[in-house]
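Scroll down for the structure; my scribbles are underneath it.
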Amino acid sequence: MQCLLVAAANRAMKVLFLVYFICGWAWARPAILVAYHHSPPYSVVHADGGASGMDLEILQLVAAQMDIEIRTVNCPLSRCLLMMEQSQLDLMMGLLKTSERQTFLNYIEPPYYQLRSSYSFYTRADRNIRVEHYDDLKNYSIGLTRGAVYFPRFNQDQTLRKVPLATEEMQIQLLLKGRVDLVISVDSTFEYMLVSLGGADQIRKVAYQEWLPVRSYMVLSKESPFNEKMPEFYQALRKLQADGSLQAILSRYGIESLSDADF
């Protein structure tokens with residue numbers, strides 16, 4: 001009789017454990033897989049695999065409102081885009097809108113910041129390279145980040161000697177080694193990285209720059225299950241804009257987001 005009671009108790013414990021496991025799984029917060037590439041100070045990937053930066057801070061506020069868990073996946077920009085296209089990841093931040101990207105990405109409105117940005121070209125400080133007009137670029141090889149988009153004339157120009165590279169760190173390395181004549185980047189990202197890598201005194205900006213409006217978006221892979229939550233993303237971003245939380249984070253990183261009327 002005692003053995004039967006023990007057996008019954010064990011079966012009851014197993015049933016309770018199974019119920020607890022199933023309920024726990026059902027109540028677990030959904031996890032969103034986020035493509036994260038190194039573009040400091042906005043998105044920072046650490047040597048130990050950790051992530052930080054402005055984009056993650058903003059996403060954490062959005063995720064808290066939506067009660068979802070963030071899991072970052074670190075990858076170079078071009079690899080991140082490929083994984084989004086192949087539906088291996090759910091969300092990516094800091095992307096400009098292009099017709100090509102819209103074939104496999106859904107853009108979450110509104111953009112979480114917009115500004116007028118400068119695309120600049122850099123060369124080694126000890127080289128006698130002068131670029132005062134766009135046409136001067138044709139004389140030089142230009143390192144760029146694979147998968148990135150810049151200003152339309154440059155993006156579409158097939159006559160320039162463009163050298164696609166995996167990361168901006170590689171742009172700096174090849175420039176310092178004399179493997180490319182120029183590199184192109186957004187001022188804020190490139191100059192922050194120069195300081196962190198210790199190359200600021202060896203590289204200078206050329207005279208020619210291009211300014212244009214930039215709208216930076218969160219995007220979802222078109223096959224992500226989180227597309228059904230698009231209205232929630234919209235509401236979360238609008239709330240962060242309305243209560244000042246979004247601008248507070250942007251301001252810490254030196255960004256004053258412009259309104260549509262300013263463009």
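Values reported hereafter were calculated over all heavy atoms of this structure, with side chains retained and with hydrogens, waters and symmetry mates removed.
Inter-residue side-chain proximity for Leu240 and Gln65 is flagged as met; some heavy-atom pair is nearer than 4.5 Å. Leu182 places a side-chain heavy atom less than 4.5 Å from the side chain of Val131. His37 is listed as a side-chain neighbour of Met92, based on a closest heavy-atom distance under 4.5 Å. The shortest distance between side-chain heavy atoms of Asp181 and Arg124 does not fall below 4.5 Å. Looking at Phe104 and Ser87, their side chains never come closer than 4.5 Å, going by heavy atoms from C-beta outward. Under the 4.5 Å side-chain criterion, counting only non-hydrogen atoms from C-beta, Glu256 is not in contact with Leu250. Tyr217 places none of its side-chain heavy atoms less than 4.5 Å from the side chain of Leu105. When side chains are defined from C-beta on, Tyr140 counts as touching Ile129, because their heavy atoms get closer than 4.5 Å.
Looking at every heavy atom in both residues, Met84 comes nearest to Ser221 through O-OG, 3.0 Å. Here the closest heavy-atom approach between residue Lys162 and residue Asn155 is recorded as NZ-O, 3.4 Å. Across every non-hydrogen atom of Arg153 and Asp135, the tightest pair is NH2-OD1, 3.4 Å. Gln209 approaches Ser118 most closely through the heavy-atom pair NE2-OG, 2.8 Å. Lys138 and Thr159 get closest at one heavy-atom pair: NZ-OG1, 3.0 Å. The heavy-atom pair separating Tyr36 from Tyr42 by the smallest distance is OH-O, 3.8 Å.
Heavy atoms of other residues, nucleotides or ligands lying less than 6.0 angstrom from CZ of Arg252 number more than 12. Residue Asp48 qualifies as enclosed at atom CG: its count of foreign heavy atoms under 6.0 Å is above 12. Within 6.0 Å of CZ on Arg204 lie more than 12 heavy atoms contributed by other residues, nucleotides or ligands. The environment of Glu69 atom CD is dense: over 12 non-hydrogen atoms of other residues, nucleotides or ligands sit within 6.0 angstrom.
Gln202 CD to Ile172 CD1: the interatomic distance, rounded to the nearest 0.5 Å, is 10.5 Å. Summarising the geometry, atom CD1 belonging to Ile249 is positioned 11.0 Å from atom CD1 belonging to Ile255; distances are rounded to the nearest 0.5 Å. In this structure, the separation between NE2 on His38 and OG1 on Thr145 is 11.0 Å, given to the nearest 0.5 Å. The CG atom of Leu165 sits 10.0 Å away from atom OG of Ser78, with the distance rounded to the nearest 0.5 Å. In this structure, CE in Met66 is found 7.0 Å from CD1 in Ile32, a value given to the nearest 0.5 Å. The CG atom of Leu212 sits 7.0 Å away from atom OG of Ser117, with the distance rounded to the nearest 0.5 Å.
In this structure, the side chain of Arg79 does not engage the main chain of Ala166 through any donor-acceptor pair within 3.5 Å. The backbone N or O of Glu85 lies less than 3.5 Å from no partner atom in the side chain of Lys222, so there is not a single donor-acceptor pair. Side-chain N or O atoms of Arg215 include none that pairs as donor or acceptor with a backbone N or O of Pro111 at under 3.5 Å. When atom types are taken as modelled, the side chain of Ser216 and the backbone of Tyr113 share no donor-acceptor pair closer than 3.5 angstrom. Without hydrogens or angle criteria, Asp90 side chain to Ser224 main chain gives no donor-acceptor distance under 3.5 Å. A donor-acceptor pair is defined here as one N or O able to donate and one able to accept, closer than 3.5 Å; no such pair exists between the side chain of Arg101 and the backbone of Val219. Of the possible donor and acceptor atoms, none in the side chain of Glu223 sits under 3.5 Å from a partner among the backbone N and O of Gln86.
Tyr192 and Phe121 fall into different hydrophobic clusters, where Ile, Leu, Val, Met, Phe, Trp and Tyr are joined by side-chain heavy atoms under 4.5 Å apart, directly or via other members. When the side chains of ILVMFWY residues are joined at heavy-atom separations under 4.5 Å, either directly or via intervening members, Val73 and Leu220 end up in two distinct hydrophobic clusters. Cluster annotation: Ile108 is not connected to Leu81 through the hydrophobic network of ILVMFWY side chains, with a link wherever side-chain heavy atoms come within less than 4.5 Å. Each of Leu95 and Tyr150 belongs to its own hydrophobic cluster when Ile, Leu, Val, Met, Phe, Trp and Tyr are linked at side-chain heavy-atom distances under 4.5 angstrom. One hydrophobic cluster holds both Val163 and Leu176 under the rule that ILVMFWY side chains link at heavy-atom gaps under 4.5 Å.
Side-chain atoms of Tyr253 and Glu57 form a donor-acceptor pair, as typed in the model, at a separation below 3.5 Å. Side-chain contact of Arg238 with Gln241: a donor-acceptor pair under 3.5 Å is present, judged by distance alone. Using modelled atom types, one finds no donor on one side chain facing an acceptor on the other under 3.5 Å when comparing Gln114 with Tyr112. At a cut-off of 3.5 Å, with distance as the only test, a side-chain donor of His46 or Ser52 sits close to an acceptor on the other residue. Looking only at atom types and distance, the side chain of Tyr134 has a donor-acceptor partner in the side chain of Asp157 under 3.5 Å away. Defined by atom type and a distance below 3.5 Å, a donor-acceptor pair is present between the side-chain atoms of Ser185 and Glu168.
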Evaluation steps, side-chain contact (heavy atoms from CB on, under 4.5 Å), between Met93 and Leu56 = CA-CA 9 Å; Met93 299 190 67; Leu56 188 57; over 6 Å; no
Could you check Ile203 against Thr123 for side-chain contact (heavy atoms from CB on, under 4.5 Å), going step by step and ending with a plain yes or no?
-> CA-CA 6 Å; Ile203 292 174; Thr123 187; over 6 Å; no
Derivation of the side-chain contact (heavy atoms from CB on, under 4.5 Å) call for Ile70 and Gln60 = CA-CA 7 Å; Ile70 299 169; Gln60 285 168 338; 3.8 Å; yes
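Figure legend: Lys97 and Tyr107 shown as a cation-pi pair, the cationic atom lying under 6.0 angstrom from the six-membered ring centre and within 45 degrees of its axis.
Aromatic pair Phe190/Tyr122: ring centres closer than 6.0 Å.
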